[in-house]
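Shown next, in structure tokens, is the structure this report addresses.
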Amino acid sequence: MAFDVPALRKEFPTLQREIDGHRLVYLDSGASSQTPRVVLDAMDRYYSWSRSNVHRGVYQLAEEATDLYEGARAKLATFLDADPRGVVFTKNATEGCNLVAYSWVRRQLGPGDALLTTVMEHHANHVPFTTAANELGFEVRHVPLTDDGQLDLDAARELVADGKVRFLAAVHVSNVLGTINDVAELAGVVREANPDAKVHIDGAQAVPHLPVSFRELDVDFYAITGHKMLGPTGIGALIARPELLESMEPFLTGGDMIRDVTLEGATWNDIPHKFEAGTPMIAEAAGLGAAVDLLTDLGMDAVREHEVDMAAGLLDAVGGIDGVTIHGPSDPALRGAAVSFAVDGVHPHDVGAMLGSKGVCVRVGHHCTKPLMRCLGLTATARASAYVYNDRDDLEPLVDGIEAAKTFFAR
Amino acid sequence: MAFDVPALRKEFPTLQREIDGHRLVYLDSGASSQTPRVVLDAMDRYYSWSRSNVHRGVYQLAEEATDLYEGARAKLATFLDADPRGVVFTKNATEGCNLVAYSWVRRQLGPGDALLTTVMEHHANHVPFTTAANELGFEVRHVPLTDDGQLDLDAARELVADGKVRFLAAVHVSNVLGTINDVAELAGVVREANPDAKVHIDGAQAVPHLPVSFRELDVDFYAITGHKMLGPTGIGALIARPELLESMEPFLTGGDMIRDVTLEGATWNDIPHKFEAGTPMIAEAAGLGAAVDLLTDLGMDAVREHEVDMAAGLLDAVGGIDGVTIHGPSDPALRGAAVSFAVDGVHPHDVGAMLGSKGVCVRVGHHCTKPLMRCLGLTATARASAYVYNDRDDLEPLVDGIEAAKTFFAR
Amino acid sequence: MSLEDMYQEIILDHYRKPLNRAPSLEDEAVAVHHSNPLCGDEMDLRLRVVDDAVDAVVFDGEGCSISQAAASAMTDAVIGRDLKDALDLTEDFRRMMHGDEPARADDLKDGVAFQGVAKFPVRVKCALLGWMALKDAIETYERGASAHTVTHEE
Amino acid sequence: MSLEDMYQEIILDHYRKPLNRAPSLEDEAVAVHHSNPLCGDEMDLRLRVVDDAVDAVVFDGEGCSISQAAASAMTDAVIGRDLKDALDLTEDFRRMMHGDEPARADDLKDGVAFQGVAKFPVRVKCALLGWMALKDAIETYERGASAHTVTHEE
Ligand SMILES: Cc1ncc(COP(=O)(O)O)c(C=O)c1O
Ligand SMILES: Cc1ncc(COP(=O)(O)O)c(C=O)c1O
């Protein structure tokens, strides 16, 4: 591991907290990550030194704010190996998925067309498209899972064989199973059957944890969210091919995204501004820029290496408990460090509450993936998800808490 | 004046800055206000103590984060005299206007219908509706101005006479003219002709500066934005009648806003959550809550009183300069403290640049109101806008800078 | 926040040995199915009415300890009460879950043990699931219907 | 950031006494109208071409000192150049506005005085307005057309 976890952990204020005398063990980064001081400082610098609106200001504060905002866009573009003209800031990944649903899917797909997605999508990458399908009359098809929680690419090949699939929406890394999908290959399957098909990937759980190159993935749209990648709340981004953005009608309209407005109508600003209506998330962009700097400093290869180690540790430690079943791939190399599990005879809520009382934070519930839960015959799971500030010292409190829940709730 | 401006000013970090040896005189709060330390502290507390995601967490941090977020909603509801179930958090006012355009107007209006708006709208309250009109074939009508920059209610009466107007979108306080519109009366005009008509008000420039009661205004929708009311960037809200929200289809879809999801479709969560898709602006809500507390402490009546005084001061000081013309009402009681002006023979950009070089921040351009600019026969104005931290000491640098621009750019 | 604030022994007892937990009921008047999709709790509740009173009520389903125990304690508190009174008691429990002192603490029987749950907003809906199913069953009965399915979140 | 960084005397001179500012041009080949709606700048530019070279160019319109002065200096730098060369010089100016050192500083004549504007991103588009209108006029001419209107933002 190339970075020093205990030293890094010191940079995250909330992690210094105790809960009822227990050290806080934060294993819910899949829901939202902790925020390091450098990110808070970057936002504070904006608020305390350059506080003003961006674009078109003729005074120094406004120039600085614009530089911060556009500078963050450039940083994010470099981090994801994308063209800054294709980086649209959104409030979260969900807005990015909706942008694609409104500005591309709803304007392109209709009766006779099909959209391909998977059974493991987060609601963010599912509901915008099924809602559109129900209103506009196109078909939705679902790539099923193999037994070990991978996407079934053979089934996908059959699903696209009739050439009707014009759009793919798929998740890069599952927030429940941890599965890392080979989205480039899946995109290839879709494009082989229909070279004009467009591909949208939900990268909310990928970008925080793996090196991602938008150019290499060679997809059309890619949604991310800041609060899961050490950044602030209230910001995300949609990465897209610039020429595709140029051809699309805007989604949100209003100030800043226009070229000209008359009483009768409007013409649009250049991309990416065409898709950013109203006053943007200026402080949040500055914060996200700082988060990207930190991740770059840590090195995404090192982050990934650390997480393979944490995934292995979680699978061993939690999977080793009597009566515990783990969902998702058993090979750490095929997955992220978000590990969902079931404890025989103890409801996930009770597991989570017991862990919470011991300062161990995990998420319980359907994780915004109800269709996947139904596929797996589950209603809820408990999920421990690790990130750069976790290390193997965090496993013991987790295991102890699960054992305590078993004892406490034994019927 | 009930509060001590010099003492208050100390609470705003950026205002302590100097620009090239000049005291910073911030007169661009119409674009974005300064942020006081209490707001930064509230966000910092969330990030440094309770950093986690909201809703459904079974550990303490998540409960605290949820309380912060929902607590901010309750504060905002009290501040605006509205039902918290009708308070939908958005990323800015623009998103609020788009929500109304997508979830109500686009689903209700069609050929044969008309939408009433005014010529003084900000693009945020104009483009979402004209774009919808152009796509769906309903008509858009515009309330014109009287000579002193007020809405012409007699003309409005004629515009609604045929009963076709089903929707009104109007600005509460103009960001260019400063005019305070009697939106309750305008709403009455529209409803008299068509009792079922819905009314949407853009309150972005009103809520920071005046006491506003959603209940008393008796409108259907009301959009606001946090960054103009001492709050952080990245958050706003749409206030709406709960029963209306209940009857509407959601706009953005994804996690958190659903009740149940199957592969085929979804059902929606209760309001207001139905309209809040994805991880919300948690820190931003906490910050906005603190801003609302501060405004409540200052007292909105006192804020308004202070601004009438500042408007009077600006009108006298700037209007008194040779060759300067002021746009908008000349009576401070009828307007906010955003004052647009033109300097004979000097382009607004040059005025703004000169002022900026002396530490005086004003906005120049069309202020996202191109249709209004065309109505007034202008292409741009310079605008000085005051807020709670400005006082009459800020007028001298403004006047000196305008005089300097006159000299420097004299042809 | 100690876990014991919420999981009193009395709650665990109901969880471990639930009262009136059964998949069917003879001469049932109404069957309702309630679920809380946000937690994945599912509950079937069956009600037998005699002389406008709760003659019998059983529940079945899946859920966390709080939802199961609360349903168990609920059945014990409402059997024998006339329908109107059972609805009134339901309202008392609901208010308690939102932080009020219960007005009918004695009538709630073991239900009062759930007062501590009010401090854990995310679990409130678990405690309410059985009570809300009961309320729906009574209202369904009063409407003259015999079955109802509700997917809800308090 | 002193204002003088941007408003050099040479710029103010062009602003106060613009060269080739006129509402019409005899034997004009092309007329283009450009506007920058974000600032409200408007510019009419007319071009006369003789032997594939800029024989004359005039501009008119409304805008800030930077846009007016830059257009004035532009006319002075391009009159007499053949069209291809004028386009090349335009590109050099554009690059300078984005922070590069100008490759043809001498040919830009007073245009080099605008180098400081590159430090003020919001004013860059003002400085470019006249040059972009020229580029469009030449391209319109080369397409064989005689008029063009562009609403743009650099
Ligand atoms: C009158 C008015 N409406 C709407 C807006 C848009 O606000 P935001 O940019 O925060 O969406 C503004 C701010 O510029 C405004 O002045
Ligand atoms: C896989 C996946 N996609 C999308 C999202 C939505 O992200 P956000 O809530 O930030 O919009 C999440 C986060 O919960 C996720 O895990």
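As a basis for the values below, the full set of heavy atoms in this structure was taken, side chains included, without hydrogen atoms, waters or symmetry mates. Chain letters run A, B, ... following the sequence lines, proteins first, then strands; residues in each count from 1.
- Evaluated for a side chain to side chain donor-acceptor pair (under 3.5 Å) with B:His55, the options B:Asp256, B:Asn269, B:Thr279, B:Thr66 yield exactly one hit, B:Asp256.
- Looking at A:Ala62, only its side chain comes within 4.5 Å of chain B, counting heavy atoms on both sides.
- Interface residue A:Thr35: backbone and side-chain heavy atoms are both found under 4.5 Å from chain B.
- Both the backbone and the side chain of A:Ser50 come within contact range of chain B, with heavy atoms under 4.5 Å apart.
- In summary, B:Arg106 and A:Glu135 do not engage in a salt bridge, as defined by a charged side-chain N under 4.0 Å from a carboxylate O.
- Residue A:Met43 touches chain B through its side chain alone, counting heavy-atom pairs closer than 4.5 Å.
- A perpendicular orientation is assigned to the rings of B:Tyr387 and B:Tyr389, their planes being inclined by more than 60° (bins at 30° and 60°).
- The existence of a salt bridge linking A:Lys358 and A:Asp20 is excluded, since no basic side-chain nitrogen approaches an acidic carboxylate oxygen closer than 4.0 Å.
- With a threshold of 4.5 angstrom between heavy atoms, A:Leu263 approaches chain B through its backbone and through its side chain.
- For a residue to count as touching a neighbouring chain, one of its non-hydrogen atoms must lie under 4.5 Å from one of that chain's; by this rule B:Ile19 touches chain A with the side chain only.
- Of the two parts of B:His142, only the side chain, counted from C-beta on, holds a non-hydrogen atom closer than 4.5 Å to a non-hydrogen atom of chain A.
- If you measure heavy-atom distances from A:Ala266 to chain B, the contacts under 4.5 Å come from the side chain alone.
- Using the six-membered ring where Trp is involved, B:Phe89 and B:Tyr69 have ring planes that are tilted, between 30° and 60° apart.
- Contacts of A:Gln16 with chain B are absent, with no heavy-atom separation under 4.5 Å from either backbone or side chain.
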